[in-house]
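Convention: sequence-line order gives letters A, B, ...; per-chain numbering from 1. Every value quoted in this text rests on a predicted model; they were computed, and no experiment measured them.
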Amino acid sequence: MLRTHTCGDLRAAHLDQTVTLAGWVQNRRDHGGIIFIDLRDRAGITQITFDPDICGPAVHDLANKLRSEWVLQISGAVRSRGDKTNPNLATGAIEVFATALTVLNKAETPPFEIDEHAKVGEEVRLKYRFLDLRRPAMQRNLILRHQAVKLARDYFDANGFIEIETPILCKHTPGGARNYLVPSRVHPGSFYALAESPQLFKQLLMVSGYDRYVQIARCFRDEDLRQDRQPEFTQIDLEMSFIDMDDIMTIGEGLVRGLWKKLMNHELPPLRRMTYAEAMASYGSDKPDLRFAMPIVDLSDWAKDCGFSVFQSAVAATDRPSHAGRGVVRALNAKGANEQLSRRTLDQLTEFAKGLGAKGLAWIKVAAGAEGKLDWQGPAAKNISDAAREALRVRLDVAAGDVLFFGADVEKTVCSVLGALRVELGVNRLGLAKPNDWQFLWVHSAPLFEWSEEAQQFVAVHHPFTAPYAEDIDRIQTDRGHVRSKSYDMVLNGCEIGGGSIRIHDAETQGKVFAALGISAEDAQRKFGFLLHALSFGAPPHGGMAFGLDRLIMLMAGAESIRDVVAFPKTQRARDEMLDCPTPAGDRQLKELHLVTAAPIQAKA
RNA sequence: GGCCUGGUAGCUCAGUUGGUUAGAGCGCAGCCCUGUCACGGCUGAGGUCGUGGGUUCAAGUCCCAUCCAGGUCGCCA
């Protein structure tokens, strides 16, 4: 060992001991005679003092040459700092008076400073990720991630789960995310797909009788990146047999309760449960942010006679095909937001709504008027009759200072516009979401199918192996849009952090669902034959879920992006800035893989 | 693929209506300084204004194209 202690260990209890530390030069303060070095390792920072009277001229001369990020080994005695204690350091009560100094390695001047204060752009951080990861904030995030994974493994082990690895090289499955493909050398013209999730394997493991499976599983999806999406990401993936929805939810809930208790020092109440229908109606979203109220209220019946033709015509239209959704008028009340929402801001919000597919955004600013009456302001306000205003006042709990927003369109559009507006207002404009407020809930029983305008047919909301409610099975033939699925998503502060379903375990139901999705028996055999085959050999009732580990850690760490909780993430165009990857393959590699590329080879700059 | 924001010194940024030699803070280098802790003082070096084209007497600034980073919509069963 090159050290006796870490840079975070030493306290007053170690006074007068001779110790050896190793680490990086965080900072150097040279007073001409006495020199201070802050020595850093991942455990913390310790002040090293080079006093020429104690360390001697040779060591002092060397200390004079030290620079940021050099790697040192120092030995010396632990001394009290007396009244010079630094309250900002865990080791602030002591310092080490060096008597020996070894430079283990020199360092180039880093492109950015390795400390908490330095603001650095992501492009540079990613290029020098190995330096970025030296920063305490990143080290905290990765250590938190380690602790969470460790707790998860312990939790599932204690609950009888078995961790089983499944293939990453597997078969392309139609539908769902675009797969990364890997060409086969030994099978010319054929490709593996990188697993987008272990979904089918874990169902097969249930057929095999493993009963309770868990895996910290790497998944791959070739889709465009986001703040919370990387091309490779990690799921805490689980599956159970002989259970129903409630059992999975109990297990999933236990995991986050344990994580929050042990790592966030926060006791979670039992998770609230809400049906998908309720979430969409009241919050316009399948992942409502419950850190603030601002519910969406349906005013479709009110709109018929309100006097405002835009609203009246929105609910009057009856000639639409049923799957397009009915016309509705809904509203939300930004209580007391009048002062904060200027005319300019309202214009921005209107643009925001249009960007989400709204034709416009009707709003009403409510101010205190004469004689204790309310003064209704805004383009929509003047057309609304007095009686309708009074009804609005009651139904939206309107008081002076409120701002009302209306959506009038087909239900789907109104939900997505008002749902997004609600979050924009609550989180970004009005600051109603407080830090360290953890609003978990389950959103369950989503529809099994939804109409796809693009495909002009019903498609699976979740995936085609999701089980319908038994009492809804007949509707697969008669009322496809209203078949409820045994599905559940765990939502935290408006972010979907996990989800799953009970699976279909009998071939007959599976056949009905495939048929409803327009998948013929032959297609089903070709694409999922292995699964159907397995289901015919005594598949137990089963179901499961998966947590998005990266998102979970991002929220726990208070990070802005999952890139801050992934050691080596990719950029928005799925590049690795540090490796300069991907790169063109060589002719020899391509030949071995029986490939020719159609893309022009980019000349490297 | 669409829309939005950004790209100026190693880093973070400013740069007016297009006008003389493009600035600041931090970092870096040298010198000074024996109790600092994001030490302090003095001096100094450091620029293909992302790239290519255009307009103009004159472009960091205006126009077009393009690349990169980020956000967002589509997409992510």
Side-chain angles (χ1 to χ4, degrees), chain A residues 26-39 45-54 60 67-69 79 81-89 91-92 95 97 108-128 131-132 173-179 196-197 199-200 219-231 233 348 351-352 354-357 416 420 424 428 446 448-450 452-455 458-466 485 487 496 499 501 513 517 519 527-528 548 560-561 563 570-573 575 577 602 605:
Chain A
Q26 172 72 37
N27 193 0
R28 137 186 92 93
R29 295 177 293 278
D30 182 348
H31 287 252
I34 199 164
I35 297 171
F36 300 104
I37 293 284
D38 286 341
L39 196 67
I45 288 176
T46 300
Q47 173 165 288
I48 312 300
T49 305
F50 295 90
D51 183 327
D53 299 333
I54 294 173
H60 188 261
R67 292 295 180 270
S68 289
E69 301 305 315
R79 301 291 184 215
R81 292 217 222 167
D83 59 359
K84 292 288 199 295
T85 289
N86 182 347
N88 299 320
L89 288 183
T91 61
E95 61 192 326
F97 273 76
E108 300 280 328
T109 301
F112 50 84
E113 293 159 71
I114 314 295
D115 68 29
E116 301 273 17
H117 318 283
K119 282 198 307 175
V120 191
E122 264 201 285
E123 209 168 343
V124 183
R125 287 177 54 200
L126 290 179
K127 181 167 181 185
Y128 295 93
L131 296 180
D132 190 38
T173 49
R178 188 181 299 116
N179 289 131
E196 61 187 76
S197 78
Q199 180 62 37
L200 295 169
C219 307
F220 305 86
R221 295 180 187 175
D222 187 4
E223 297 290 349
D224 285 348
L225 278 61
R226 288 283 192 283
Q227 194 173 29
D228 60 354
R229 297 205 315 233
Q230 281 276 304
F233 61 99
Q348 288 172 358
E351 287 308 306
F352 176 82
K354 284 180 178 170
L356 293 162
S416 62
E424 175 68 14
N428 298 330
L448 191 61
F449 308 109
E450 70 180 345
S452 164
E453 283 298 327
E454 191 191 338
F458 279 94
V459 297
V461 170
H462 196 47
H463 58 57
F465 320 112
T466 303
S485 66
S487 65
E496 182 194 324
S501 63
V513 169
L517 293 170
I519 301 172
K527 291 167 179 169
F528 308 111
E560 298 278 313
S561 152
R563 294 187 297 277
K570 303 215 170 13
T571 69
Q572 197 165 56
R573 294 191 68 244
R575 271 179 41 79
E577 293 284 324
Q602 300 281 326

No-H, no-angle donor-acceptor pair, [X] side chain to [N] base, under 3.5 Å:
X: A:R29; N: B:C33; answer: no
X: A:R226; N: B:G74; answer: yes
X: A:E95; N: B:G35; answer: yes
X: A:R229; N: B:C76; answer: yes
X: A:D51; N: B:G35; answer: no

Would you mind classifying the nucleic acid contact of [X] as base, sugar-phosphate or nothing, using non-hydrogen atoms under 4.0 angstrom?
X: A:G121; result: sugar-phosphate
X: A:D115; result: nothing
X: A:V120; result: sugar-phosphate
X: A:K119; result: sugar-phosphate
X: A:P464; result: base
X: A:F97; result: base
X: A:Q572; result: base
X: A:D30; result: base
X: A:A177; result: sugar-phosphate

Need the pair for [N]. Rule: Watson-Crick or G-U wobble, both distances under 3.5 Å, any strand; none if unpaired.
N: B:A38; result: none
N: B:A14; result: none
N: B:G52; result: B:C64
N: B:C76; result: none
N: B:U5; result: B:A69

Check whether any side-chain nitrogen or oxygen of [X] sits under 4.0 Å from OP1 or OP2 of [N], and answer yes or no.
X: A:S68; N: B:C28; result: yes
X: A:Q227; N: B:G70; result: no
X: A:T571; N: B:A69; result: yes

How would you list, by chain and number, every residue that makes a salt bridge (charged side-chain N to carboxylate O under 4.0 Å, His left out) with [X], sequence neighbours excluded?
X: A:E450; result: none
X: A:E123; result: none
X: A:D38; result: A:R29

All N/O pairs under 3.5 Å across the protein-nucleotides 7-9 of chain B interface:
none

Between [X] ([atom1]) and [N] ([atom2]), how many Å, whole number?
X: A:D38; N: B:G35; atom1: CG; atom2: P; result: 17 Å
X: A:N86; N: B:A38; atom1: CG; atom2: P; result: 6 Å
X: A:L131; N: B:G10; atom1: CG; atom2: C1'; result: 12 Å
X: A:R28; N: B:U34; atom1: CZ; atom2: P; result: 16 Å
X: A:R563; N: B:A69; atom1: CZ; atom2: C1'; result: 9 Å
X: A:E116; N: B:U12; atom1: CD; atom2: P; result: 17 Å
X: A:F220; N: B:C76; atom1: CZ; atom2: C1'; result: 16 Å
X: A:E424; N: B:G71; atom1: CD; atom2: P; result: 16 Å

Ignoring the backbone of [X], work out which of [options] is nearest its side chain.
X: A:R575; options: B:C76, B:G35, B:A69; value: B:A69
X: A:E123; options: B:A69, B:A38, B:C26; value: B:A69
X: A:R67; options: B:G70, B:G27, B:G30; value: B:G30

Please tabulate, one pair per line, each protein N/O and nucleotide N/O from nucleotides 41-45 of chain B that are separated by under 3.5 Å, including the distance.
none

Taking the side chain as C-beta and beyond, is there a heavy-atom pair between A:S485 and A:V461 under 4.5 Å? no
Check for me: is A:F36 stacked on B:U36 by the 5.5 Å centroid and 30° plane-angle rule?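 It does: the two rings, one from A:F36 and one from B:U36, meet the stacking criterion.
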So, A:H31 and B:G35: ring centres less than 5.5 Å apart, planes less than 30° off, yes or no?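 According to the criterion (under 5.5 Å, under 30°), no, A:H31 does not stack.
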Does A:E560 CD have over 12 foreign heavy atoms under 6.0 Å away? no
Can you sort out the partners of A:F465 under ring-ring contact (aromatic ring centres under 6.0 Å, His included), two or more places apart, ordered by chain and number?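 Scan of A:F465 (ring-ring contact (aromatic ring centres under 6.0 Å, His included), adjacent residues dropped) gives A:H463, A:F528.
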Answer yes or no: is there an ion pair linking A:E95 with A:R79, defined by an N-O contact shorter than 4.0 Å?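 No, this pair does not count.
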Would you tell me whether A:E196 and A:N179 have side-chain atoms, one donor and one acceptor, within less than 3.5 Å of each other? yes
